[in-house]
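In this chain, residues are counted from 1 in sequence order. Note that ligands are numbered from 1 as they come in the structure, with each ligand's atoms numbered from 1 the same way.
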Amino acid sequence: MTFFKKILIANRGEIARRIIRICKHLGIQTVAVYSEADAMAPFVEEADEAVCIGPAQAKKSYLDIYKIIEAAKQTGADGVHPGYGFLSENAKFARCLEQEGITFIGPDAKVIELMGSKIESRLQMKLAGVPVVPGWDGSLETVEQALELAGKIGFPLMLKASAGGGGIGMTLIHNPEQLKAAYATTKQRAESAFGDGTLFLEKYISNPRHIEVQVAGDHQGNVIHLFERECSVQRRNQKVVEESPSPFLDEETRQRLLKTALLGVKQIGYTTVGTMEFIFDDQKNFYFLEMNTRLQVEHPVTEEITGIDLVELQLRLAAKQPLPFRQEDVKKTGHSIECRLYAEDPKTFFPSPGTVTKLTLPEGVRLDFAIKEGDKVTPFYDPMIGKIIVHGASRKDAIEKMNDVLEQIHVEGITANTPLLRMIVQNSDFQRGEYTTRFLDKLLMVNA
Ligand code: ADP
Ligand code: ADP
Ligand code: MG
């Protein structure tokens, strides 16, 4: 059975380090690619080889398909791991690698395309019998058409970019005037962020919870789930704290959700790890939101409760090995929480680049970090500098551990969101597990 000899990591920061770590353990050589701004970054030093692929701007480095493929050929890599963000959901990248005989560690280009379009993926899920958020599944052509459809679906609504990601390209709409005002700007934003201005409409689920299912499939046609993750602590529709299991689900709803997610995965013939995202209303009705056909930022909480390394699993599946376990072998133990540490102001969420002059981190806890003390946080990329992951026998135990860890973390030289993370973990609604995606807005209003 062939496995990889050398893989190139088409990413940076904490996820590049995390992939290097497991490759070292598995005896796989690694190649880092880096921009000029990242020349001194830990992931560059930790990889066996490193190739500079251009200037700081992502478009000229981490998003430059040609340069990355050249680096892979030059170093003789037999696989490319895209991490998350950047080219991880880029069908053209996957296709170009395939043409070069280099394995893309992810799904087929066709599947990326299908699930990269929110409109297409909603249609696929409907075919599979997976409930989707009520809305309109065509692409909007004009603002007049949008207004007519909005009247039928009812307000409030989400005006969404079909190609959207990272919480970008969606606008909450309460009435026809707002729709008129937001249509052109949302379209423009989608065009500039994703090169695709296709918009559609979804009913806005009020006070929702974001709960997603980690799934995996192999080339032999088997599919499994690895339970759910609760990701409702969000700012600007982007996750900040995640946990597994979800405190919101009773066992009956959980089983129904997991089963439904697998229906969707079977429908598309999925052959790697991925995430089915769902939104829950307060009646425990759930609807498919989108599928992420890649490793997720918050994948560690799943690893903590199942003891399964998701990157190793990704590598094995990409090498066409069958899933190494059956559904009934996937067991969960205890509770895990992840906090994303951002170089950003905890109140305004503005990024805070600079040199980290002091970084005190506790020991004995999983820290997936991008930087070390003395390193620079540049303004060019996502300001997440690290993830803190704890595991406890119970949710209460995990919260206590996280609280302890957060008390011991000290960052100097930049502004970090540590105070916000502490406030979340110490909040009584969070501690009771009673929170929705509106939680952070409320928390910040109270403490303004
Ligand atoms: P995940 O879905 O893995 O939990 P997020 O929802 O936070 O991660 O972000 C989705 C993806 O968008 C991630 O892969 C992340 O790297 C990327 N991303 C995050 N912030 C931005 C941004 N400001 N611009 C573009 N992409 C981003
Ligand atoms: P992205 O691709 O940017 O991750 P998603 O469709 O996954 O976009 O939505 C991201 C977040 O935005 C969700 O977790 C949720 O908080 C909010 N959201 C998206 N769609 C809706 C909706 N129809 N109703 C309420 N909230 C929504
Ligand atoms: Mg999403």
Side-chain angles (χ1 to χ4, degrees), residues 84-86 88-90 112 114-122 124-125 130-137 140 146 149-150 153-174 178-179 182 186 189-190 192-196 198-215 228-243 246 248 257 261 264 274-283 285-299 340 349 382 384 435-443:
Y84 52 72
F86 296 124
S88 62
E89 292 176 283
N90 187 306
I112 298 178
L114 200 63
M115 302 319 267
S117 153
K118 290 191 188 192
I119 294 178
E120 272 302 321
S121 61
R122 282 166 59 88
Q124 287 296 320
M125 290 307 123
V130 175
V132 305
V133 183
W136 192 66
D137 289 323
L140 298 171
L149 289 163
I153 302 164
F155 294 95
L157 286 167
M158 274 291 209
L159 178 63
K160 270 192 174 179
S162 183
I168 300 161
M170 64 181 92
T171 312
L172 171 59
I173 309 278
H174 291 283
Q178 278 184 350
L179 181 53
T186 307
R189 212 173 302 138
S192 74
F194 313 109
D196 179 353
T198 308
L199 300 180
F200 70 106
L201 285 170
E202 233 176 53
K203 193 165 180 56
Y204 180 74
I205 308 291
S206 48
N207 268 321
R209 286 190 171 239
H210 174 121
I211 303 176
E212 57 188 32
V213 180
Q214 176 69 54
V215 295
E228 81 282 1
R229 289 184 291 258
E230 166 70 65
C231 308
S232 300
V233 180
Q234 301 184 350
R235 55 116 175 70
R236 293 186 178 148
N237 300 318
Q238 237 196 8
K239 305 154 190 166
V240 184
V241 176
E242 305 96 347
E243 58 179 313
S246 164
F248 180 67
L257 171 72
T275 297
M276 295 276 288
E277 295 191 333
F278 292 88
I279 197 156
F280 275 70
D281 67 17
D282 46 16
Q283 305 298 309
N285 297 308
F286 56 84
Y287 308 94
F288 171 80
L289 257 186
E290 65 158 347
M291 183 177 192
N292 292 144
T293 55
R294 56 171 163 86
L295 194 65
Q296 205 95 342
V297 177
E298 60 275 18
H299 75 277
R340 300 190 189 188
F349 306 133
D382 191 88
M384 190 177 80
Y435 62 89
T436 71
T437 61
R438 306 270 48 91
F439 169 74
L440 261 193
D441 289 342
K442 276 196 241 156
L443 187 69

What orientation do Phe278 and Phe286 show, parallel under 30°, tilted 30 to 60°, or perpendicular over 60°?
perpendicular
Looking at Gly165, which atoms of ligand 2 are within less than 4.0 Å of one of its heavy atoms?
1 (P), 2 (O), 3 (O)
Numbering as shown, the atoms of ligand 2 that approach Glu202 to under 4.0 Å (heavy-atom distance)
20 (N), 21 (C), 22 (C), 23 (N)
Hey, is Lys203 one of the residues with a heavy atom under 4.0 angstrom from ligand 2?
yes
Look only at the side chain of Glu228 and the backbone of Ser246, and say whether a donor-acceptor pair between them is shorter than 3.5 Å.
yes
Charged N to carboxylate O under 4.0 angstrom, Glu290 versus Lys118?
yes
Does any N/O atom on Ile205 come nearer than 3.5 Å to any N/O atom on ligand 2?
yes
Under 3.5 Å between some N or O of ligand 2 and some N or O of Gly167?
yes
Numbering as shown, the atoms of ligand 2 that approach His210 to under 4.0 Å (heavy-atom distance):
13 (C), 14 (O)
Quick check against the 3.5 Å criterion: does Arg438 have a side-chain atom that pairs as donor or acceptor with the backbone of Ser206?
no
Only N/O/S atoms count here: what is the atom of Glu277 closest to the Mg ion (ligand 3) called?
OE1
Euclidean distance, Thr198 OG1 relative to Glu120 CD, rounded to 0.5 Å
11.0 Å
Among Lys118, Glu277, Lys160, which residue places a heavy atom closest to atom 8 (O) of ligand 2?
Lys118
Of all the atoms in ligand 2, which lie at a distance below 4.0 Å from a heavy atom belonging to Tyr204?
24 (N), 25 (C), 26 (N)
Return the CG to OG distance between Asp196 and Ser117, rounded to the nearest 0.5 Å.
8.0 Å
Under 3.5 Å, is there a donor on one side chain and an acceptor on the other for Thr275 and Glu277?
no
So which bit of Asn292 gets within less than 4.0 Å of ligand 2, heavy atoms only: side chain, backbone, both or neither?
neither
Give the atom numbers and elements of ligand 2 that come within less than 4.0 Å of a heavy atom of Met158.
18 (N), 21 (C), 22 (C), 23 (N), 26 (N), 27 (C)
Do Ile205 and Met158 come close enough that some side-chain heavy atom pair is under 4.5 Å?
no
Within 4.0 Å of some non-hydrogen atom of Thr437, the atoms of ligand 2 are 16 (O)
Could you list which atoms of ligand 2 come closer than 4.0 Å to a heavy atom of Gly164?
2 (O)
With heavy-atom distances below 4.5 Å as the criterion, would you say the side chains of Val297 and Lys239 are in contact?
no
Where ligand 2 meets Met170 - atom numbers and elements under 4.0 angstrom, heavy-atom basis
3 (O), 5 (P), 8 (O), 9 (O), 10 (C), 12 (O), 19 (C)
Name of whichever N/O/S atom of Glu290 is nearest to the Mg ion (ligand 3):
OE2
Is there a side-chain contact between Met125 and Met115 (heavy atoms, below 4.5 Å)?
yes
